[in-house]
Amino acid sequence: MYQDGDKAREQPMPEKAWFKQVMQDSEDAYLFISKDSMIEDVAGAIQNVLKVPRKELVGAALSDRDILRADFLKSFIAESVKAPCSSDKKNDAYLDRRNQLRWKYYEARDGNVVAKVSRMNTHLEAEEAIVDQLADALPMMITYVDRNWCFLFNNKAYEEFIGLTREELYRKPVSSVMTEESFKKIVPRFERALSGERVNYEDRLTLADGRSLHFNVSYIPYFIGDEVGGFYAVINDVSEYSAMINLLKGIHNAVNRTDIDTQEIISNLLRDALDYLGQDIAIVSQVVGDQYTIMWSESKEAAIEPGTVFSLGDTYCRLTLNHDDVFHTIDAGNDIRFSGHPCYETFGLETYIGAPVRINGIVWGTVNFSSASHRVKPFSDIEVELVRLIVGAVEKVVTQFEYLSQVKKERDEMAALARKDQLTGLPNRAYLNEYVDMLVKSPDVQYHGICLAVIDIDHFKVINDTYGHDVGDKVIIWLSELVTEVLRAREGDFAARVGGEEFVVMINNSSLEVARSVMERVRSKVESTPIPIEGVSPLFVTISSGVTQWQPTDTYPHVFKRADEALYEAKHGGRNQVCIKT
């Protein structure tokens with residue numbers, strides 16, 4: 001005998017009754033969505049999974065936001081209907097962590113879609129909650145991006161960094177948090193991650209709020225079965241680290257580079273430091289007594305011109321030198337050490353960090369960085385130490401700069417001495433040759449008269465024999481001063497001593513007659529002026545001179561030879577006269 005229940009099991013069920021029974025016993029929900037985004041039929045555990053009555057779903061449009069509580073479902077299915085999977089990908093799967101649902105959809109015929117929805121079990125929910133808590137506790141930023149390149153999950157660190165809550169970021173396109181240019185840079189990396197590849201990279205990206213930062217990023221694909229449902233992005237803001245590396249490179253360059261000048265070395269160093277410290281103004285100053293002189297400066301706006309001088313007491317650097325170490329503030333207006341300081345009253349600098357510069361153990365000046373804005377965070381120990389490193393680099397560069405400046409000064413002085421006559425201080429033959437070389441290369445020679453005169457002291461040997469060489473030297477010095485005094489009235493004219501008692505005079509921008517007139521004034525004054533020599537009765541001398549004019553086709557030897565021939569004529573014509581030769 002069979003019990004009633006046994007008899008029931010013995011009788012076959014209608015063909016579709018067993019399928020209906022399976023659907024009722026299923027723990028999953030199924031939705032049949034038409035290509036025009038209407039829910040045509042539902043099956044399975046609709047009430048248990050979606051928490052929405054079956055009758056409210058059938059016939060509803062996906063655009064009706066009151067029908068389903070899961071926003072993810074509406075957007076997910078709507079996008080699926082608009083853009084079904086390609087023929088080589090028959091289904092895809094997604095996790096909706098917000099509603100603890102797992103979705104999988106299948107293409108049906110004629111562009112329709114079947115969605116299978118499963119509720120995560122309690123164990124999985126607990127696991128997910130633990131993972132979320134762990135993610136929130138981590139210092140690095142973590143986000144989960146779906147196949148549509150939208151955010152599905154973001155940890156606390158990411159929320160705080162971007163400035164939006166998890167709810168505000170949910171289903172928001174990744175492209176919305178950065179500039180178009182930066183998004184284009186990461187698109188190929190997204191595609192690689194969604195193809196199943198783990199991607200690691202470092203890059204500088206600009207966010208939508210204008211911040212340009214350096215990031216270290218890892219994309220970790222998330223597989224659902226054999227398919228990639230999306231990927232986790234693990235992000236570290238390494239901007240400060242990157243800036244510090246660049247600054248250290250700049251410091252290294254400042255100490256070791258020899259292929260660029262001091263100005264460029266200091267400028268590069270100050271610019272890197274400004275970026276790292278987040279300040280607006282950088283200054284290297286020299287302090288002499290109470291005088292504060294800006295030697296080099298960089299600014300994100302209008303830089304203060306090098307050479308600008310302030311009273312040391314009107315600058316924060318006075319406080320730095322008193323402190324004798326790195327000195328800083330991020331709120332000068334409320335810092336008792338800066339209270340009532342003239343620099344604050346004049347420039348309103350709220351943030352400042354500076355340190356003394358010493359050359360050979362003696363205070364030379366300061367390096368300082370400042371801004372009119374408050375700094376959010378106090379200067380860290382690392383930043384203070386980096387300022388010390390910058391000061392060390394500046395000290396080395398300045399030491400090298402001063403050494404080279406001294407060497408150049410000494411070299412220039414030696415060069416000047418080599419071009420001067422040691423007895424009279426007039427230019428010598430070497431300088432005259434340089435000057436003439438410059439003249440022959442200048443087109444001005446062809447358009448402006450340049451005359452050359454040769455002077456010789458008459459009977460100079462008699463003076464030496466009578467009074468001695470000491471008196472002879474004094475005569476030469478006296479004559480050089482007198483000639484210079486006469487020529488001073490004409491700009492560009494000068495005399496050079498080229499031999500014992502012989503001088504050459506260059507007379508610019510003049511005709512031959514004007515040059516002759518100039519030399520006549522020299523001759524006349526020499527003849528009429530006694531030479532004041534102690535212990536010697538009034539001594540008078542005379543000079544002879546030959547003058548010629550430079551021609552465009554002339555070389556210096558030709559010009560000098562003509563002037564010398566004119567001098568010869570003056571000597572043989574009775575001396576104490578000026579002769580010209582064309």
Side-chain angles (χ1 to χ4, degrees), residues 160 210-211 239-240 243-244 247 250-251 266-267 269-359 361-395 397-398:
E160 293 171 359
R211 286 179 292 165
S239 302
E240 185 173 355
M244 182 174 67
L247 181 55
I251 293 173
I266 296 287
S267 293
L269 186 61
L270 295 182
R271 281 196 296 267
D272 288 344
L274 279 181
D275 289 341
Y276 182 78
L277 295 171
Q279 298 302 289
D280 297 327
I281 306 167
I283 293 173
V284 175
S285 70
Q286 184 175 15
V287 175
V288 179
D290 191 46
Q291 184 172 289
Y292 175 99
T293 304
I294 293 176
M295 301 299 291
W296 297 280
S297 70
E298 288 293 326
S299 175
K300 294 182 179 178
E301 296 180 357
I304 305 174
E305 286 296 322
T308 304
V309 178
F310 296 95
S311 170
L312 178 61
D314 291 340
T315 69
Y316 287 158
C317 290
R318 172 75 277 173
L319 303 176
T320 296
L321 294 178
N322 290 342
H323 186 68
D324 200 33
D325 194 6
V326 179
F327 190 68
H328 53 88
T329 185
I330 61 169
D331 190 10
N334 294 307
D335 191 327
I336 189 66
R337 301 171 302 171
F338 291 78
S339 178
H341 197 284
C343 187
Y344 185 80
E345 299 299 327
T346 304
F347 299 105
L349 298 176
E350 293 288 357
T351 304
Y352 169 89
I353 184 167
V357 173
R358 294 178 177 83
I359 305 298
I362 299 173
V363 171
W364 179 88
T366 64
V367 173
N368 63 84
F369 306 91
S370 58
S371 173
S373 304
H374 295 281
R375 196 172 191 262
V376 177
K377 296 180 180 179
F379 290 104
S380 66
D381 291 342
I382 290 178
E383 289 171 324
V384 169
E385 193 58 38
L386 279 170
V387 169
R388 290 194 180 102
L389 288 175
I390 294 166
V391 168
V394 169
E395 287 174 345
V397 173
V398 169

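Values below: every heavy atom of this structure, side chains too, minus hydrogens, waters and symmetry copies. Nothing fancy with the numbering, it's 1 onward along the sequence.
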Could you give the distance from [atom1] ([X]) to [atom2] ([Y]), rounded to the nearest 0.5 Å?
X	Y	atom1	atom2	result
Asp335	Glu350	CG	CD	10.0 Å
Arg318	Cys343	CZ	SG	13.5 Å
Phe347	Ser371	CZ	OG	14.0 Å
Leu270	Leu277	CG	CG	10.5 Å

*Walk me through it: do His341 and Leu319 pass the test side-chain contact (heavy atoms from CB on, under 4.5 Å)?*
CA-CA 10 Å; His341 197 284; Leu319 303 176; 3.8 Å; yes
A side-chain contact here means heavy atoms from C-beta on lying under 4.5 Å apart; do [X] and [Y] qualify?
X	Y	answer
Tyr344	Leu349	no
Val309	Tyr292	no
Val326	Ile353	yes
Ile359	Val398	yes
Thr329	Thr351	no
Val363	Leu321	yes
Leu274	Asp280	no

*side-chain contact (heavy atoms from CB on, under 4.5 Å) evaluation trace for Val288 with Thr293*: CA-CA 8 Å; Val288 179; Thr293 304; over 6 Å; no
[X] versus [Y], closest heavy-atom pair with distance:
X	Y	answer
Ser267	Glu298	OG-OE2, 3.0 Å
Asp290	Gly313	OD1-N, 3.7 Å
Ile294	Ser297	CG2-CB, 4.0 Å
Ser299	Ile281	OG-CG1, 4.2 Å
Met295	Pro306	O-CB, 3.4 Å

Return all side-chain donor-acceptor pairs below 3.5 angstrom for residues 378-394, not counting sequence neighbours, or 'none' if the list is empty.
from, atom 1, to, atom 2, distance (Å)
Ser380, OG, Glu383, N, 3.2
Ser380, OG, Glu383, OE1, 3.4
Glu383, OE1, Arg375, NH1, 3.4
Glu383, OE1, Arg375, NH2, 3.1
Glu383, OE1, Ser380, N, 2.8
Glu383, OE2, Arg375, NH2, 2.4
Glu385, OE1, Arg388, NH1, 3.0
Arg388, NE, Asp325, OD1, 3.4
Arg388, NH2, Asp325, OD2, 3.1

Where the side chain of [X] meets the backbone of [Y], is there a donor-acceptor pair that is under 3.5 Å apart?
X	Y	answer
Glu395	Arg358	yes
Lys300	Gln279	yes
Thr366	Ala355	no
Thr308	Ile304	no
Thr315	Leu312	yes

_Tell me every residue that passes ring-ring contact (aromatic ring centres under 6.0 Å, His included) with Phe327, counting only those two or more places apart in sequence or in another chain._
His323, Phe338
*Excluding sequence neighbours, so at least two apart, what forms ring-ring contact (aromatic ring centres under 6.0 Å, His included) with Trp296?*
Phe401
*Can Val397 and Ile266 be said to form a side-chain contact (heavy atoms from CB on, under 4.5 Å), step by step?*
CA-CA 8 Å; Val397 173; Ile266 296 287; 3.8 Å; yes
*Is the gap between the ring centers of His328 and Tyr352 under 6.0 Å?*
no
